[in-house]
Amino acid sequence: MIEDVFRTHLKESKIFSNRDALSPHFVPDTLPNRERQIEELSRTLAPILSGRKPENVFIYGKTGVGKTAVTRYVLRKLEDFAKEHEIPVKGIYINCRIHDSRHRVLMKVADALFPGENFLGLSTTHIYDRILSRVSEKGLRLIVVLDEIDKLKGISETVYALNRANDELERGSISIIGISNNLTFKESLDARTKSTLCQKEMIFPPYNAEELRRILEQRAQIAFKKGAVDPSAIALAAAYAAKQSGDARYALALLLRAGELAEEENAERVTEDHVRKARERVEEDIVLDMIKTLPQQEQIVLLALARLISARKGIRKLGEGETVITSGELFEAYVKTAKELGVSPVSDRWFREYISELDTYGIIRATPAGKGFRGNTRVIRLNIPADKVLKVLEGMDLA
DNA sequence: AATCCACAGGAATGGTTGGCAG
DNA sequence: CTGCCAACCATTCCTGTGGATT
């Protein structure tokens, strides 16, 4: 039994040749549809080669439009070129969601400059001084990339510290590239930080369906065996993703899932049908992911709803096909469920607020009941299979 | 037609929390 | 570290609405 599971993984895939190419972290040799941005960023950074400090750059655009990929790509090319000409250029990529304070950012920079050394427990100023002396001594030209910079606490201090270094340095320089997908983020910065960070600004527009198609085709060539994927399947995945705000990551996830489905079915090739099914799965995954991070009370509401629905399926009401639940019924069930979990339930008013919120998230659908129901109430449906919701929520600790 | 029921959702208000200047 | 303000969660109270009931 278990051996069978392992064995299927030994067997060579008929579909994939290198599925990593569909991973969001994969940086391909060329980035289609981003030639302009690549050129612009390269031009901005190029002065570093002649020893001048390039402008700090602030990049923004929605998720999955290639901000990180372009930055990493340009940085890699720049480092390669600099190396050939023996110019000490170094790029350091930092994800601020993980390294979310000034101290952690500086630690990360120090880690990159002193491989193998441990900076745990050292003060911020100490680390800062070490960085400065190393940069100065080697004449290093650093480019620090702060990805998801909106997640960084103490942005002004961090930006200020890194930027101030340039005044204290005799040799070398430190430049900053900030990346954000929050379009309103820039306005929330104080004036000084804004002018420092946004010396140069770049906006990445979302991809349209045609651009997404080209991206997918390129990746598919690496990821799939020859002829293992229908061109129409790629076009469909691109179209879906374009509708979904032009997110290339979503498009890639879609194609990956489609490939996995085809493999599970032992199909010869990935078809439009696989993409359609994959979309359901991907969307479901997104929703289930979302459920995991919902406020506790909303999770309990969902749990109560899922239980109600699956309980009714067993009884199989005669006549009416779909199981329908009114908000009053659900409120009772919710109160009961909450008490069972040892959580005090909220008032009916807030319960209704939660229902509306879950509705706007698209997890449930609450529509006016109309005829056949007493009074002015809403009927509530779950937009995803109840058993999946149960599986996710019952696996969690809701108390 | 009048009344009742079962809720929807706005407004005022109070307790918590979390970021931030001092 | 402290105190403050804002944002957020939650309750209470309230008015409105639409169909069922009498």
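Keep in mind that this is a model prediction, so the values were computed, not measured. Chain A is the first sequence line, chain B the second, and so forth, proteins listed ahead of strands; every chain is numbered from 1.
- At a threshold of 4.0 angstrom between heavy atoms, the contacts of A:S347 include nucleobase atoms, whether or not backbone atoms are also involved.
- The ring pair (Phe, Tyr, Trp, His ring centres under 6.0 Å) search around A:Y361 returns none, not counting sequence neighbours.
- Residue A:V346 places its side chain closer to C:dA10 than to any other of C:dA10, B:dG9, B:dA6.
- Taking a cutoff of 4.0 Å between a charged side-chain nitrogen and a carboxylate oxygen, A:E284 and A:K388 qualify as a salt bridge.
- The side chain of A:R349 places no N or O atom within less than 4.0 Å of a non-bridging phosphate oxygen (OP1 or OP2) of C:dC9.
- Hydrophobic cluster of A:F26: the remaining members, joined at side-chain heavy-atom separations below 4.5 Å, are A:I222, listed by chain and number.
- Applying side chain to side chain contact (heavy atoms under 4.5 Å, CB included) to A:K53 and the options A:I143, A:N163, A:L169 leaves one that passes, A:N163.
- Regarding A:Y354, its OH atom lies at a distance of 14 Å from the P atom of C:dC8, rounded to whole Å.
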Where protein sits on nucleotides 13-22 of chain B, one letter per nucleotide: B base, S sugar-phosphate only, - none, heavy atoms under 4.0 Å: ----------
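- Residue A:E353 contributes atom CD, which lies 15 Å from atom P of C:dT12 at whole-angstrom precision.
- In this entry the distance linking CD of A:E329 with P of B:dA8 reads 12 Å, nearest Å.
- Within the 3.5 Å criterion, the main-chain N or O of A:A238 finds no donor-acceptor partner in the side chain of A:R213.
- Distance A:R378 CZ to B:dA8 C1': 7 Å, rounded to the nearest Å.
- Among the nucleotides B:dC7, B:dG9, C:dA10, the one closest to the side chain of A:T377 is B:dC7.
- Under the 4.5 Å side-chain criterion, counting only non-hydrogen atoms from C-beta, A:Q37 is in contact with A:M202.
- For A:S327, no side-chain nitrogen or oxygen approaches OP1 or OP2 of B:dA6 to under 4.0 Å.
- Side-chain atoms of A:S356 and A:E353 include no donor-acceptor pair closer than 3.5 Å.
- Between the C1' atom of C:dT15 and the CZ atom of A:R352 lies a distance of 12 Å, rounded to the nearest Å.
- Atom P of nucleotide C:dC9 and atom CD of A:Q296 are separated by 13 Å, given to the nearest angstrom.
- Following rounding to the nearest Å, A:N376 (CG) and B:dC5 (C1') show an atom-to-atom distance of 11 Å.
- The separation between A:E357 atom CD and C:dC9 atom P is 8 Å, rounded to whole Å.
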